[in-house]
Amino acid sequence: MALDSERWFSEPFGEEGIAFSLELKEKLHEEQTPYQRIEVYETTRWGRLLVIDGCVMLTSRDNFTYHEMMSHPVLFTHPAPRNVLIIGGGDCGMLQEVLKHRGVAHCTQVDIDAGVTRASERFFPELCGANDDPRATLRFEDGVQYIKDLGAGSVDVLIVDSTDPVGPAAGLFGEAFFRDVHRAVADDGLIVQQSESPILHVDTLLRELHGAMRRAGFTRVVTLQYPVCSYPSGWWSATMAGKGADLTQFRAGDVERKPFRTQYYNAAIHRGALAVPEFCRHLLTDQ
Ligand code: SAM
């Protein structure tokens, strides 16, 4: 049965022979910014849908797994994160999770495209609850250049919440970028990067990312897995890197006592996300 393109949003992953579709009620917004095409839809069962350049960025219903697993594991792995930087993340959902951590003194979000944040403020206000937090700074510029200009050792945790590694995000996945990151993060600093689907990208993006992080000087690299129903294959990952400490250890006691609510993340989920499937074992040399 062919899907009616008026009623269904479809994102085909041609080279993988799969596609993901969501049933639509209506299109709410469409704009072409200097960087990308932004669309927002109302779906029948998944709340609102944010699309950039034809790719699903998030839905109201399932964005919590992505935002929680890209923020809390790295923040509970660092001993005491105070200065946090988000590259990308223009929908502001990551900023909101980061600022749930009371010990975080400052979080700067650097997205290249103010259009994404303006669309999120209008159509996803539930993600923008921390935008006016006095600890938050929102900047609109290229994250690759921003990192180059940062003082050495000035960041505790860097979260790269980017689009796929094409267009403006291509520079956020290479060795040159990770060299700049290595300089910008403190000795106990950590980076976490969204690293696509284990089943689709283990021998392409994931292998290259591990190699690039290690060549840039990071001695510890681990990949965590979690579901994101609306991303290609539904099975997603975050790759975390550091300069020495064992990244499989985290502040589990603090997770148990965390003074804020999560919908997915807890200490058992954190441990489980670190488990390495047999088909990934060759690249995860730390675990
Ligand atoms: N969770 C999403 C995913 O994995 O598909 C990503 C969502 S977030 C909206 C991605 C953001 O990265 C976009 O707002 C985009 O503008 C931003 N971005 C892409 N390249 C960038 C760059 N070089 N510097 C800063 N932000 C960038």
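Whatever order the structure lists ligands and atoms in, that order sets their numbers, starting from 1. It should be emphasised that the depicted structure is a prediction, and the values quoted were computed from it without experimental measurement.
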For [X], counting its heavy atoms only, list the atoms of ligand 1 lying under 4.0 Å from any of them.
X: D113; value: 16 (O)
X: A169; value: 19 (C), 20 (N)
X: Y66; value: 1 (N), 4 (O)
X: M57; value: 1 (N), 2 (C), 5 (O), 6 (C), 7 (C)

Taking heavy atoms and a distance under 4.0 Å, where does [X] meet ligand 1: side chain, backbone, both or neither?
X: Y35; value: neither
X: Y231; value: side chain
X: D161; value: both

Does [X] have a non-hydrogen atom less than 4.0 Å from ligand 1?
X: V110; value: yes
X: M70; value: no
X: G89; value: yes

Among all protein heavy atoms in this structure, tell me which lies nearest to [atom], with the distance rounded to 0.1 Å.
atom: atom 9 (C) of ligand 1; answer: D91 OD2, 3.4 Å
atom: atom 19 (C) of ligand 1; answer: T163 OG1, 3.3 Å
atom: atom 17 (C) of ligand 1; answer: D111 OD2, 3.3 Å
atom: atom 24 (N) of ligand 1; answer: G143 N, 2.9 Å
atom: atom 27 (C) of ligand 1; answer: I112 CG2, 3.7 Å

R7 bridged to D4 by N-O distance under 4.0 Å
no
For [X] and [Y], which heavy atoms make the closest approach, and how far apart are they?
X: E121; Y: N131; answer: OE2-ND2, 3.6 Å
X: A136; Y: L99; answer: CB-CD1, 3.8 Å
X: F124; Y: S60; answer: CE2-OG, 3.9 Å

Does any N or O atom in [X] lie less than 3.5 angstrom from one in ligand 1, N or O only?
X: W236; value: no
X: L172; value: no
X: D164; value: no

Can the ring centres of W235 and F279 be said to be less than 6.0 Å apart?
yes
Quick check on side-chain contact (heavy atoms from CB on, under 4.5 Å): which of V155, D156, V157 does R82 satisfy it with?
D156
Are H210 and T223 close enough that a side-chain donor and a side-chain acceptor fall under 3.5 Å?
yes
Count the heavy atoms belonging to other residues, nucleotides or ligands that lie under 6.0 Å from CG of D149, then report whether that count exceeds 12.
yes
Should we count CD of E6 as having more than 12 external heavy atoms under 6.0 Å?
no
Plane angle bin for H101 and F260 - parallel if under 30°, tilted between 30 and 60°, otherwise perpendicular:
tilted
I'd like to know whether E30 forms a salt bridge (Lys or Arg N to Asp or Glu O under 4.0 Å) with R37, so could you lay out the CA-CA distance, the side-chain angles of the two residues, the decisive distance to 0.1 Å, and finally the verdict.
CA-CA 7 Å; E30 179 168 10; R37 171 161 295 275; 2.6 Å; yes
